[in-house]
**Q** 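Quick one: this structure, given as structure tokens, is what I'll be asking you about.
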Number of protein chains: 2
Amino acid sequence: MIADMDQEMKILSREILLSLWKIHILHHAGEGPVVGMWMLKELRGHGYDLSPGTLYPLLQRMERNGWLRSEADPSRGPRSIKKYYLTPKGREVLEFLRERVKTLWEEMG
Amino acid sequence: MIADMDQEMKILSREILLSLWKIHILHHAGEGPVVGMWMLKELRGHGYDLSPGTLYPLLQRMERNGWLRSEADPSRGPRSIKKYYLTPKGREVLEFLRERVKTLWEEMG
DNA sequence: GTTTTCGATTATGATTGCCGATATGGACCA
DNA sequence: TGGTCCATATCGGCAATCATAATCGAAAAC
């Protein structure tokens, strides 16, 4: 395996893994609601601890790009739980990414 | 397909695609020498135009991380062509990434 | 019924990465 | 000697990442 996992993993995460998780998030949002904190926990469960300061802006950016839309109960204040869903445009992006991942995977075979 | 391809693609590239190309570069370096300019051309051939200001620092970073090592003919001055090769540590990283890509691909079915 | 804890998002400040453009430099040719 | 390739290096501005702290409503505990 990879030695000095912690420091190595941090470098690898920032350099590459985070983007794979972004794809995972899009995929996930296509199958059910995505909630920031739930994702943080899920990824932690997979041994990957993402900072909230990375994840939340990322979700906001994806919404701004039109890949996700969010629903929040406004009666629960400005920090209510927010559920993110994949938009049609997000689905196109995901389909495009799916092809890329397929190509990459076949190449690495 | 994706509308307003140029702007959309720039966003998508920065957000996600670049990391997939990084994996591609590592894989490539495992099969033969990688040279910055050659990569720029190859990727341009695939419709992805990466900035030299992105690629060259990226290769340097991968070398600094111990994933790649470079060979340059010193008699050809400081801007000689540099050939990058995958190191054993880089091979471990690549193998790790291969598993991640596999998982992601299977998940996306 | 007040105080604590919990689930969740948002804000902040430092560091790092990305990008377009420009600079540098050797080799080959005329 | 000058020009054109082939290549890498670097710069300044902007955007993303990170660890951490702040905020907020609801539920639990006392």
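Lettering follows sequence order; numbering is per chain, from 1.
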**Q** Round to the nearest Å and state the distance from A:I11 atom CD1 to C:dT15 atom P.
**A** 17 Å
**Q** Could you check how far CD of A:Q7 sits from C1' of C:dT16, rounded to whole Å?
**A** 13 Å
**Q** Which parts of nucleotides 12-19 of chain D does protein reach within less than 4.0 Å, heavy atoms only, written one letter per nucleotide 5' to 3' as B for base, S for sugar-phosphate only and - for none?
**A** ---SSBBB
**Q** Tell me whether the side-chain N/O atoms of B:W38 come closer than 4.0 Å to OP1 or OP2 in D:dC6.
**A** no
**Q** Check whether any side-chain N or O of B:K82 sits under 4.0 Å from OP1 or OP2 of D:dA9, and answer yes or no.
**A** yes
**Q** To the nearest Å, how far apart are A:K41 NZ and C:dA8 C1'?
**A** 9 Å
**Q** Could you tell me the separation between the CG atom of B:L59 and the P atom of D:dA9, rounded to a whole number of Å?
**A** 9 Å
**Q** Just report the end-to-end axis angle for the helix from C:dG1-D:dC30 to C:dA30-D:dT1, five pairs per end, to 10 degrees.
**A** 10°
**Q** Is the ring pair B:H46/B:W21 parallel, tilted or perpendicular, if the boundaries are 30 and 60 degrees?
**A** perpendicular
**Q** Please tell me if A:Q60 has a side-chain N or O lying less than 4.0 Å from either OP1 or OP2 of C:dT10.
**A** yes
**Q** Any Lys/Arg nitrogen of B:E95 or B:R98 sitting under 4.0 Å from an Asp/Glu carboxylate oxygen of the other?
**A** yes
**Q** Between C:dA8, D:dC6, D:dG25, which one does the side chain of A:M37 approach most closely?
**A** C:dA8
**Q** Do the side chains of B:F96 and A:M9 get nearer than 4.5 Å, heavy atoms only?
**A** yes
**Q** For the side-chain hydrogen bond (donor to acceptor under 3.5 Å, both in side chains) test, which of B:K82, B:E63, B:K83, B:Q60 pairs with B:S70?
**A** B:E63
**Q** Are A:Y85 and A:V35 co-members of a hydrophobic cluster defined by side-chain heavy atoms under 4.5 Å apart?
**A** no
**Q** Would you say the side-chain atoms of B:E107 and A:H28 include a donor-acceptor pair closer than 3.5 Å?
**A** no
**Q** Please give, in whole Å, the distance from D:dC24 C1' to A:I81 CD1?
**A** 14 Å
**Q** What is the separation between atom CH2 on B:W21 and atom P on C:dG17, rounded to the nearest whole Å?
**A** 22 Å
**Q** In this structure, how many angstroms lie between the C1' atom of C:dA8 and the CD atom of A:E42, rounded?
**A** 17 Å
**Q** OP1 or OP2 of D:dT8 sitting under 4.0 Å from any side-chain N/O of B:Y56?
**A** yes
**Q** Do A:E71 and A:R69 meet the salt-bridge criterion of a basic N to acidic O distance under 4.0 Å?
**A** yes
**Q** Compare all side-chain heavy atoms of B:W67 with those of A:I11 and state whether any distance is below 4.5 angstrom.
**A** yes
**Q** In whole Å, what is the span from the CE atom of B:M39 to the P atom of D:dC6?
**A** 18 Å
**Q** Salt bridge between B:E8 and B:K10, side-chain N to carboxylate O under 4.0 Å?
**A** no
**Q** Spell out yes or no: do the side chain of A:R79 and the base of C:dA11 have one donor N/O and one acceptor N/O closer than 3.5 Å?
**A** no
